[in-house]
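This is a predicted model, so every value here is computed, not measured. For reference, positions follow the sequence shown, starting with 1.
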Amino acid sequence: MGTPSSVAVEARDPAPATRRPAAPRREGGLRHGVWLWPALLALALTLYEIDHPLLWEDELNTWDMVTRPTGRLLDTVGNVDAVLAAYYLLLHGWTVVFGDSVTALRMPSALAMTGAAACTALIGQRLFGRRAGLAAGLLFALTPVVVRYAHEARPYALVVLAVALATLALLRALDRPERMGRWAAYAGCVAAVGLLHLVALTVLAGQLVVVAAWARVDRALAVRAGLAALAGVAAAAPAAVLGSRQASRQIAWIPQPDLQSLAAFLPQLYASGTFAGAVTLLAVSAWAERRRAGLAGAPPPASGSSWRPASRGPVLAVTAMAVLPVLVLWAVSHGDISYFFYRYLLFTLPAWAVLAGAALAALRSRSVLAAALVALAVLSLPEQRSVRETYAHFWHGVDYKGAAETIARYHRPGDAVVYDRGEDYWRLLDLGVRHYLPDELRPRDVFLARSAADRADLWSSECPDPAACLRNEARIWLVVPEGAADPLDALPASQARALRKHYTATGTERLTGVTVALLVRKP
């Protein structure tokens, strides 16, 4: 019988115990481009309106970090966000070359999701055949949440790609275990997973099942796989040690999960309850189809093994990679720190897509398979639209761009600006407006004492004596959260008193989530 990578499309007689696994059967491979159409579809969907959703708070933190000088960036990750250091450094180099526009900041994520679609197709092909691989890759590309996080200047899309590459590298290493270069590639992919997002190392729980299944052929595989995985984890260990000291500051807001959180996970993961239901139904039906058709794709059994060609090795292995990371993360999130948040588990999407692709491949007619994929595409349309809306990334929308356009439209030389950094500082009005202002327009930030970069932190500090920080500017722009009838009421009391003494408001524009007012100095 074939090796794991040659995954059977029909049941075969067991090979003798002394026989090594056969070379993978080239079922189309790159020549037929089983990966090409999923990649092209993913690229088209992720590039479309990539710059339309406004940057939100997390992305603004990314922009602030990656546009700092390298030395200051390294100083900052020593205090906060160490687990994202590799991503920040990567994007820092990217912005040096391509700039820091919204499209430039998000482009690495879009390219990563494109690569992940290709890898998903190749994984599906190795485990269940060419048709399953093509269906899996296309299904992955059509998933609404793939577009959502392809349009996100954060590391999650790169994590999805790293995990997919690690899975593909593991299958190739198991296919030719004597080639140490393949184990080195797997170790490197595991290291990339850990450096991009430590939580994603929970995928090793699922990959352990893959190794356990194929180690029945040669138990030395388990040793090699274990050593390669440990080498990858060791490479990410410094980020893990430093990040563990910062966790309470960074993710203390994540609630401890209960059973209801587990039940609500899949609709959140897909950004669509209906799409999640369809994919889950297909994934479950993959088990029934494998049992009915006897398409196991299992490796040849070792002498005395109970392994049988009709067993469900690949289905079990992919299910483990889809489910076990979720369960492991849910379990460990009942300690002092909770890590259970859907976007931290986006890397399980390729496994779910491969399972669903295996079920779709059972449709004997190509036209029926195409119709099923079109139906899934139609099913995703409402969410495909919603993830591209202006405030799609926000919990509470803030029109940073509109505020910046107002200031730019009426700006005069010598104007200054005051941003609210009080209780609502998490809205990052200063970062948001600064990003969307023209590069040549940087009014003095009146109450800024030390920038976040100067403090090697995510937050800046403000002037302790607001009155002393005024410099007799003729006009000051005021940017505060929406809501207060008098915009000055949104500021800390000491700042409001200092401004009221010398300035009066002459115009106010109320936008989504933010108010912009122009203060003019009293005669």
Side-chain angles (χ1 to χ4, degrees), residues 2-8 20-25 29 35 115-116 118-128 132-133 136-137 140 158-197 200-236 296-299 312-325 328 347-355 357-358:
T3 63
S5 60
S6 63
V7 180
R20 295 290 295 173
R25 185 159 52 86
W35 57 272
C119 289
T120 300
L122 292 173
I123 293 168
Q125 177 181 241
R126 280 184 169 268
L127 293 176
F128 300 107
F140 176 87
L158 277 73
V159 174
V160 176
L161 174 60
V163 169
L165 284 171
T167 301
L168 197 56
L170 176 61
L171 292 175
R172 294 184 75 250
L174 292 170
D175 188 40
R176 286 289 184 270
E178 71 279 2
R179 297 187 180 180
M180 300 309 295
R182 295 193 177 191
W183 291 112
Y186 173 60
C189 290
V190 171
V193 170
L195 289 171
L196 287 168
H197 209 259
L201 287 175
T202 53
V203 73
L204 294 176
Q207 291 181 351
L208 177 64
V209 175
V210 179
V211 174
W214 274 273
R216 292 175 182 244
V217 178
D218 181 355
R219 295 189 184 277
L221 293 179
V223 175
R224 293 178 181 178
L227 290 175
L230 285 175
V233 172
R312 288 162 289 185
V315 178
L316 174 63
V318 180
T319 301
M321 288 188 288
V323 174
L324 283 184
V328 169
F347 64 85
T348 62
L349 285 171
W352 287 106
V354 168
L355 282 174

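- Annotation for Pro350 and Ala164: closest pair CG-CB, 4.4 Å, computed over non-hydrogen atoms.
- Two residues are said to be in side-chain contact when any heavy atoms from C-beta on lie closer than 4.5 Å; Trp35 and Ile123 fail this criterion.
- Remark: Thr348 OG1 to Leu324 CG distance equals 11.5 Å, nearest 0.5 Å.
- Counting only distance, with no hydrogens or angles, the side chain of Arg224 and the backbone of Pro177 share a donor-acceptor pair below 3.5 Å.
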Between Phe128 and Val318, does a side chain to side chain contact (heavy atoms under 4.5 Å, CB included) hold up when you go through it step by step? CA-CA 11 Å; Phe128 300 107; Val318 180; 4.1 Å; yes
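- Heavy-atom minimum distance, Leu204 versus Ala229: CD2-CB, 4.3 Å.
- For the atom pair CG of Leu227 and CE of Met180, the computed distance is 8.0 Å after rounding to the nearest 0.5 Å.
- Considering only heavy atoms from C-beta on, Thr167 comes within 4.5 Å of Gln207 through its side chain.
- For the side chain to side chain contact (heavy atoms under 4.5 Å, CB included) with Phe347, the qualifying choice from Leu161, Val193, Thr202, Leu158 is Thr202, the only one to do so.
- Two residues are said to be in side-chain contact when any heavy atoms from C-beta on lie closer than 4.5 Å; Arg172 and Arg126 meet this criterion.
- Counting only heavy atoms from C-beta outward, the side chains of Val209 and Thr319 never approach each other to under 4.5 Å.
- Between Val211 and Ala222 the shortest heavy-atom distance is CG1-CA, 3.7 Å.
- For the residue pair Leu195 and Ala235, the shortest heavy atom distance occurs at CD2-O, 4.0 Å.
- Side-chain contact between Asp175 and Arg182 is present, with heavy atoms from C-beta onward closer than 4.5 Å.
- Taking each heavy atom of Leu201 and Val190 in turn, the nearest pair found is CD2-O, 3.8 Å.
- Between Tyr186 and Leu168, every side-chain heavy-atom pair lies at or beyond the 4.5 Å cut-off.
- Shown here for Leu165 and Cys119, the closest heavy-atom pair between the two residues is CD2-SG, 3.5 Å.
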